[in-house]
Q: 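The structure that follows is given in the form of structure tokens.
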Amino acid sequence: TKGLNKLTFSNYPDKYTITVFTPKISSGISGLEVGSILSDTAGKLWVGYREGGISIYDKGNWQKIDETSKNHIMTLIVGPDSRIWVGTDVEGIYTYDVDSFDKYSFHINKRSGLSSNHIYSLTFDNYGNLWSGSLKGIDKITFEAKNKINNIVNYGNFEGLKGIEI
């Protein structure tokens, strides 16, 4: 079934119930094709949809926080600063503030130096650098301070990657 399915176990692994969430059932669901799911530091569940939009599940309730976006949400991660970092297929990378749900508290795209705005994956390393896998390889983004990029380095075929779509 398309949408979100919640499994609740009462006697693992033998006994469980399945709850199905779709836009027709819950007005807080933004789509049917889930691109990414994550749990933030406060325990809220963030769901990004391939057809665009983000919903949050908190204490049994769904809330749409980005239903206007037509970006396919490819990946969601929690950054070291507790902001939600979003990788899309059109706009590159942007952040959400977990308390105010402000979109674009920070935005990184090709104009900033990314090799591509089509982002498949994101991760932070132990030094606070952001790594993004994209349509054109891997980008390493280093920061001087919060919301201030120091440098973006692209790794592709010339740097030894067998393929560039990561």
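Scope of the values below: all heavy atoms of this structure, side chains included, with no hydrogens, waters or symmetry mates.
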Q: In residues 10-20, what donor-acceptor pairs under 3.5 Å come from side-chain atoms, sequence neighbours left out?
A:
none

Q: If I compare all heavy atoms of L135 with all of S116, which pair ends up nearest, and what's the gap?
A: CB-OG, 3.5 Å
Q: Atom CD1 of I73 and atom OG of S36: how far apart are they, to the nearest 0.5 Å?
A: 9.0 Å
Q: Would you indicate whether the side-chain heavy atoms of K146 and R83 approach each other to under 4.5 Å?
A: yes
Q: Using every non-hydrogen atom in the two residues, find where T88 and M74 come nearest and quote the distance to one decimal.
A: C-CG, 3.9 Å
Q: Which atom pair, heavy atoms only, marks the closest approach of L114 to G92?
A: CD1-CA, 4.3 Å
Q: Show the nearest heavy-atom pair for residues H72 and D89, with the distance to one decimal.
A: N-OD1, 3.0 Å
Q: Between S55 and V47 (side chain of the first, backbone of the second, donor and acceptor by atom type, cut-off under 3.5 Å), is there such a pair?
A: no
Q: Rounded to the nearest 0.5 Å, how far apart are CG of L38 and CG of L45?
A: 7.5 Å
Q: Any chance you could measure I141, atom CD1, to S132, atom OG, to the nearest 0.5 Å?
A: 4.5 Å
Q: Which pair of non-hydrogen atoms, one from G48 and one from L76, has the smallest distance, and what is that distance?
A: N-CD1, 3.5 Å
Q: Apply side-chain contact (heavy atoms from CB on, under 4.5 Å) to E33 and list each qualifying residue two or more places apart in sequence or on a separate chain.
A: K2, R50, E51
Q: Give every donor-acceptor pair under 3.5 Å between a side-chain atom in residues 122-131 and any protein atom, sequence neighbours left out.
A:
residue: D125; atom: OD1; partner: Y127; partner atom: N; Å: 2.8
residue: D125; atom: OD1; partner: G128; partner atom: N; Å: 3.1
residue: D125; atom: OD1; partner: N129; partner atom: N; Å: 2.9
residue: D125; atom: OD2; partner: N129; partner atom: ND2; Å: 3.1
residue: D125; atom: OD2; partner: W131; partner atom: NE1; Å: 2.9

Q: Working to the nearest 0.5 angstrom, can you tell me the gap between I119 CD1 and N117 CG?
A: 7.0 Å
Q: Is Y49 linked to I37 within one hydrophobic cluster, defined over Ile, Leu, Val, Met, Phe, Trp and Tyr using a side-chain heavy-atom separation of less than 4.5 Å?
A: yes
Q: Are V90 and Y94 joined in one hydrophobic group, where the rule is that I, L, V, M, F, W and Y side chains link up if heavy atoms are under 4.5 Å apart?
A: no
Q: What class does the angle between the rings of F106 and W85 fall in, given that below 30° is parallel, 30 to 60° is tilted and above 60° is perpendicular?
A: perpendicular
Q: For a 4.5 angstrom cut-off between non-hydrogen side-chain atoms, does V78 reach W46?
A: no
Q: Using a 4.5 Å cut-off on heavy atoms from C-beta on, say whether the side chain of I54 contacts that of I84.
A: no
Q: Testing the basics here: between E91 and N109, what is the closest heavy-atom pair and its distance to 0.1 Å?
A: O-CB, 3.8 Å
Q: First locate atom CD1 of I152, then atom NZ of K140, and finally report the distance between them rounded to the nearest 0.5 Å.
A: 12.5 Å
Q: I need the S134 OG to K110 NZ distance, nearest 0.5 Å.
A: 9.5 Å
Q: Flag yes if more than 12 heavy atoms outside F158 fall under 6.0 Å of its CZ atom; otherwise flag no.
A: no
